Chemist: 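Once you've had a glance at the structure underneath, I'll fire off some questions.
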Amino acid sequence: MSEAINKIWSTLLAVPKGKVVSYGQLADLAGQPRGHRLAARALKIAPDELQLPWHRVIAASGKIAIAKESESYRLQMELLRAEGVEVTNGRINMNKYRWQPDLAELLWTLKH
DNA sequence: TTGCTGACTGCCT
DNA sequence: CAGGCAGCCAGCA
């Protein structure tokens, strides 16, 4: 597995409950400035045993990025709501729920 | 090496 | 607000 993918996974582990990040933001924090595609790929191939909070990753527009007919779409929406994140019409208020890590949190992600 | 494919983005209609 | 589209870049055939 590539190092970049691993960084993305560990960065994702730092996202707190009740907050969300976009694919692009996640890639940025993981040290991949233009790696939004990579971030998407990282989630797609992530092993279940890692227990990543994958549902906290959404499109920059605030929408859930999965096909809405899929089972995962429904699951993601449920998981977010269970954490207190409002999901209305498949959209999320990014200004309100976007994760904005402070320095301590960023350093934590760098260690992993 | 080449070409195609995305759980994406930002810009333009 | 809903498409359409080019840009993006790591995998894979």
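Order of the sequence lines fixes the chain letters, A, B, ..., with proteins taken first and strands second; residue numbering starts at 1 for each chain. Keep in mind that this is a model prediction, so the values were computed, not measured.
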Chemist: Write down the distance between CZ (Arg34(A)) and P (dC8(C)), rounded to a whole number of angstrom.
Modeler: 9 Å

Chemist: Work out which heavy atom in Leu50(A) is nearest to a heavy atom in Leu13(A); give both atom names and the distance.
Modeler: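 In terms of heavy atoms, the two residues are closest at O-CD2, 4.4 Å.
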
Chemist: Looking at Lys63(A), I'd like to know if its NZ atom is crowded, meaning that more than 12 non-hydrogen atoms belonging to other residues, nucleotides or ligands lie closer than 6.0 Å.
Modeler: no

Chemist: Might you list the N or O atoms of the protein lying below 3.5 Å from N or O atoms in nucleotides 5-7 of chain C, with each pair's distance?
Modeler:
from   : atom 1 : to       : atom 2 : distance (Å)
dG7(C) : O6     : Arg37(A) : NH2    : 3.3

Chemist: Can you tell me which stems DNA chain C forms when a stem means 3 or more consecutive Watson-Crick or G-U pairs under 3.5 Å?
Modeler: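 Stems found: B:2-6 with C:9-13, B:8-13 with C:2-7.
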
Chemist: Hey, which of these two, Leu38(A) or Ile58(A), hits DNA chain B nearer its 5' end, going by closest nucleotide?
Modeler: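 Its nearest nucleotide lies further toward 5', so the answer is Leu38(A).
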
Chemist: Out of the candidates Arg91(A), Lys96(A), Arg81(A), only one should pair with Glu86(A) under the side-chain contact (heavy atoms from CB on, under 4.5 Å) rule; please name it.
Modeler: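 The side-chain contact (heavy atoms from CB on, under 4.5 Å) with Glu86(A) is passed solely by Lys96(A) among Arg91(A), Lys96(A), Arg81(A).
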
Chemist: As a quick check of understanding, evaluate side chain to side chain contact (heavy atoms under 4.5 Å, CB included) for Val15(A) and Trp54(A), giving each step before the final call.
Modeler: CA-CA 10 Å; Val15(A) 181; Trp54(A) 60 273; over 6 Å; no

Chemist: Ser70(A) near the nucleic acid: base, sugar-phosphate alone, or nothing, with a heavy-atom cut-off under 4.0 Å?
Modeler: nothing

Chemist: Would Glu105(A) and Trp99(A) count as a side chain to side chain contact (heavy atoms under 4.5 Å, CB included) if you check the C-alpha gap in whole Å, the side-chain angles of each, and the deciding distance to 0.1 Å?
Modeler: CA-CA 11 Å; Glu105(A) 287 174 303; Trp99(A) 177 49; 3.5 Å; yes

Chemist: For Ala39(A) and Tyr23(A), work out which heavy atoms get closest and say how close.
Modeler: CB-O, 3.6 Å

Chemist: Going 5' to 3' along DNA chain B, which are the first and last nucleotides with any atom under 4.0 Å from a heavy atom of chain A?
Modeler: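 The footprint of chain A covers dG6(B) to dG10(B).
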
Chemist: Do Gln25(A) and His36(A) have side-chain atoms, one donor and one acceptor, less than 3.5 Å apart?
Modeler: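 Per modelled atom types, Gln25(A) and His36(A) side chains form no pair under 3.5 Å.
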
Chemist: List the atom of Pro53(A), the atom of Leu12(A), and the distance in Å for their closest heavy-atom pair.
Modeler: CG-O, 3.4 Å

Chemist: What are the two closest heavy atoms between Asp28(A) and Pro33(A), and how far apart are they?
Modeler: OD1-O, 3.0 Å

Chemist: Can you see which heavy atom on Ser22(A) is nearest to which on Ala60(A), and at what distance?
Modeler: CB-CA, 3.7 Å

